[in-house]
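Note sheet for the following structure.
Per chain, numbering begins at 1; letters A, B, ... match sequence-line order. Nothing here was measured: the structure is a model prediction, and the numbers come from that model.
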2 protein chains.
Amino acid sequence: MTPSQRLDATFAALADPTRRAILARLALGNASVAELTQPFAMSQPAISKHLKVLEHAGLISTAQDAQRRPRKIEGVRLGEATAWLEEYRQFWERRYSALDELLDELQANPPKSKRKRH
Amino acid sequence: MTPSQRLDATFAALADPTRRAILARLALGNASVAELTQPFAMSQPAISKHLKVLEHAGLISTAQDAQRRPRKIEGVRLGEATAWLEEYRQFWERRYSALDELLDELQANPPKSKRKRH
DNA sequence: TGGGGACATAACCATATGGTTATGGTAACC
DNA sequence: GGTTACCATAACCATATGGTTATGTCCCCA
């Protein structure tokens, strides 16, 4: 899987409130499928599907404890996604400056003499 | 739109390589639809659809310059997404420690005397 | 004033997504 | 050894997504 495909899978996995809530639960400690299903008004197979999406994205991993398959949060992909976002922070923080606002304005409406405005 | 729905829209918008490339281009400066279409082997309406997704997520905004509709990157939602990810960093960084690894192991296989392993 | 460039929108299509119910496997327990 | 708890998988369905081509609208310019 290429880095771009990893970001695809990571952001897609994060784009669902149920999956984000599952990650929030797992951030507090490992949990079985039954424990993860309990808070939601949703069937167990639906949660299993969400877990498969999260695992495919590398955001969680599965262990084994008798019949249980406790899930564990994995930080690497979250780190990659954060790094991607951080890379853009410098750009859009720059674009908040008054100078950049002015440049944007000039770009949209160059002060050529007698330029029609509409 | 609730904060959760904003995160849904933001992460979903970021889960596509074309849209991330568009953001990368816009991070360098505003650009028209034609300019944004040029690098891609894709029709202009397809790019317009991606732009609509990005704008619905609040990641970009549209200005007007005669027939052009130059797009501009907007940082607020990127910041919200980053903040969400950062909030989890502390948790998954904790889980990398040797102590947590040990606790995970004990959680999976409690050292009760003569416990069957399978 | 009409032609063309820039862009949006509509209609359509294939595939992906997110849920359901039904069913099957495996391990613990009585 | 039969039952029960835990979980996965399959089959199915409705809607969303990501692309296409066709067409319409607006605005500059000759």
Exercise for review: Map B:R69 and A:Q67 onto DNA chain C by nearest heavy atom, then report which one ends up closer to the 5' terminus.
Suggested key: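 Residue closer to the 5' terminus by nearest nucleotide: B:R69.
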Exercise for review: Look at the side chain of B:Q44 against the base of C:dA8 and say whether a donor-acceptor pair falls under 3.5 Å; ignore hydrogens and angles.
Suggested key: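 It does, because a donor-acceptor pair links the side chain of B:Q44 to the base of C:dA8 below 3.5 Å.
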Point to revise | Side chain to side chain, B:L14 and B:L23, heavy atoms closer than 4.5 Å | key: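 With C-beta onward as the side chain, the pair touches.
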Of the listed nucleotides ([options]), which one gets closest to any side-chain atom of [X]?
X     : options               : answer
A:R71 : C:dC7, C:dA8, D:dC7   : D:dC7
A:A46 : C:dG19, D:dT20, C:dC7 : C:dG19
A:M42 : C:dT20, C:dG18, D:dC7 : C:dT20
A:S43 : C:dT20, C:dC7, C:dG19 : C:dT20
B:P45 : D:dT21, D:dA5, C:dT20 : D:dT21

Can you check the [X] [atom1] to [N] [atom2] distance for me, whole Å?
X     : N      : atom1 : atom2 : answer
B:L51 : C:dA6  : CG    : C1'   : 13 Å
B:K52 : D:dG19 : NZ    : C1'   : 16 Å
B:R68 : C:dG4  : CZ    : P     : 18 Å
A:D65 : C:dT26 : CG    : C1'   : 13 Å
B:Q38 : C:dC7  : CD    : P     : 13 Å
B:E55 : C:dA8  : CD    : C1'   : 12 Å
A:Q64 : C:dA28 : CD    : P     : 10 Å
B:L36 : C:dA8  : CG    : P     : 10 Å

Exercise for review: For A:E74 and A:S61, run side chain to side chain donor-acceptor pair (under 3.5 Å): C-alpha distance rounded to whole Å, both residues' side-chain angles, the deciding distance at 0.1 Å, then the answer.
Suggested key: CA-CA 7 Å; A:E74 293 289 338; A:S61 61; 2.8 Å; yes
Practice item. Kindly compute the distance separating CG (A:L54) from NZ (A:K52), expressed to the nearest 0.5 Å. Key: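 Taking CG in A:L54 and NZ in A:K52, the distance rounds to 12.5 Å.
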Looking at [Y], is its backbone amide N or carbonyl O close enough to the side chain of [X] to form a donor-acceptor pair, meaning the two atoms are under 3.5 Å apart?
X     : Y     : value
A:R69 : A:V33 : no
B:R20 : A:S4  : yes
B:D65 : B:R68 : no

Check your understanding: Using a heavy-atom distance cut-off of less than 4.0 Å, which residues of residues 13-25 of chain A contact DNA chain C?
Key ->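 The stretch gives A:D16, A:R19 as the residues lying under 4.0 Å from the strand, ordered by number.
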Review point. Contact class for A:A34 (heavy atom, under 4.0 Å): base, sugar-phosphate, or nothing?
Key: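 The answer is sugar-phosphate, as A:A34 gets under 4.0 Å only of primed atoms, P, OP1 or OP2.
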**Study point:** C:dC7 OP1/OP2 closer than 4.0 Å to side-chain N/O of B:S48
**Key:**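 Result: no.
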Practice item. State plainly whether one hydrophobic cluster holds both B:V53 and B:I60, where clusters connect Ile, Leu, Val, Met, Phe, Trp and Tyr through side-chain heavy atoms under 4.5 angstrom apart. Key: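 Hydrophobic grouping puts B:V53 apart from B:I60.
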